[in-house]
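These notes concern the structure reproduced below.
Small disclaimer: the values here were computed from a predicted structure and weren't measured. Within every chain, numbering begins at 1; the chains are lettered A, B, ... in the order of the sequence lines, protein sequences first and strands thereafter.
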Number of protein chains: 2
Amino acid sequence: MSETTSSSAPCPDEQAVARFVERFALDLAQGGFPRMAARVFVRVLVSEDGACTAAELAESLGVSAAAVSGAVRYLIRVGLLVREREPGSRRDHYRVRDDMWYEAFARRDEQLGGWEETLRQGVAALGAGTRAGSRLDETRRFFEFLRVELPKLMDRWRAQRDGHGAAPEEDSADSP
Amino acid sequence: MSETTSSSAPCPDEQAVARFVERFALDLAQGGFPRMAARVFVRVLVSEDGACTAAELAESLGVSAAAVSGAVRYLIRVGLLVREREPGSRRDHYRVRDDMWYEAFARRDEQLGGWEETLRQGVAALGAGTRAGSRLDETRRFFEFLRVELPKLMDRWRAQRDGHGAAPEEDSADSP
DNA sequence: CAGTTTTTTCACAAATTTGTGAATAAGATG
DNA sequence: CATCTTATTCACAAATTTGTGAAAAAACTG
């Protein structure tokens, strides 16, 4: 490695970046993300401005405009990207939200609420007195717990990120 | 032998249970679960003992033994079921773990650790000084936060579940 | 160690998902 | 309003996933 010395300049090794994009996208896909959406998302994430046009995404990923369109629709729906249209330009820009992970977890909560409802019906079908019924109800309470606690956890993340370092409160996860 | 549905006896409406199994399994599949694994898991969950044989599962779900085999392998790997072999019997029993959700989240942590490592490489590729690099590093810190905090959250769940079975917090989601 | 029963493996078929190219719609500009 | 440019939709092809039947392997019994 002698010809391309881009270690200290603001010129990232594009090849290494591309490798990272594919790898992290694969990680996310593993975790239940649609594949193309994962790739598009990571591409935006590694862009210097945190925003890309559809054309840039299609070009850098080597995929069709249609694929990008579908992916950004998904990503906007789950709250990881926002669409921006600058007045002077015809191109939309897709930008990562600054509190993207907060948003992602917020959507999770909706899902949890739905699951709780399903479980309620299950408890009713089995009978609350049965062993199976009470097992199911414990599961419901677990999801309820998550639905209540995850937003709190996200608030703590926000606080740590924004205020951070200086005030190490060690009472972080206490129940009053 | 079963023509009437006695609603107050410990004889659950099998049809309603079957409906619930399919619906909750669908919910879980929505959330990234393999479909068959979801169905098998819910079937075990609604069994009175919390354990089933492969034959029972295949019969009640109307699927092949091979499908059950694959599903339980997955479920055991992610820690939601354990295999039990009773000495006298030839059949394995597949039992839901009592702290199944704890286990499920524990595995999530491994995944989070992997993602952090990937992100570290991404930061290196982009350069820590760049905007993209610092954005990526914030993402890494978020996952790190989760990896540390989720186990604590699970401990709190365990404590709440075991501890106050008698202390009723009436903040439960009770919407008539 | 033979005989059964249960579980797993494997090749293949069915079904779902995913991405593309071409056509269409939407939006801005002169 | 005509004309670009950009974004979306749609039918279809490719690829991955998922489930099955049959055969093999494993495990317990007598």
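Checking A/Asp27, A/Val78, A/Leu75 one by one against A/Phe33, the side chain to side chain contact (heavy atoms under 4.5 Å, CB included) holds for a single residue, A/Leu75.
As rounded to whole Å, 12 Å separates atom P of D/dT29 from atom CD of B/Glu86. Atom CZ in A/Arg91 sits roughly 12 Å away from atom P in C/dT29 (whole-Å rounding). In this structure, CD of B/Glu59 is placed 14 Å from P of C/dT6, rounded to the nearest angstrom.
Heavy atoms of A/Tyr94 sit under 4.0 angstrom from primed sugar atoms or phosphate atoms, though from no base atom.
Dashed line: the shortest gap from a side-chain N or O of B/Arg83 to OP1 or OP2 of C/dT7 is not under 4.0 Å.
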*Per-nucleotide protein contact string for nucleotides 10-27 of chain D (B base, S sugar-phosphate only, - none; heavy atom under 4.0 Å)*: --------SSBB-----S

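In terms of heavy atoms, A/Leu146 sits closest to B/Met154 at CD2-CE, 3.9 Å. Nearest approach of A/Ala25 to A/Arg39, heavy atoms of both residues: CB-CG, 3.6 Å. The shortest non-hydrogen separation linking A/Gly133 to A/Val123 is O-CG2, 3.8 Å.
Residue B/His93 is the one, among B/His93 and A/Ser89, whose nearest nucleotide of DNA chain C lies closer to the 5' end (criterion: closest heavy atom).
Both B/Leu45 and B/Ile76 sit in one connected hydrophobic cluster of ILVMFWY residues. Membership requires side-chain heavy atoms under 4.5 Å apart, directly or through other members.
Ring centroids of A/Trp157 and B/Phe142 are separated by less than 6.0 Å, placing the two rings close together.
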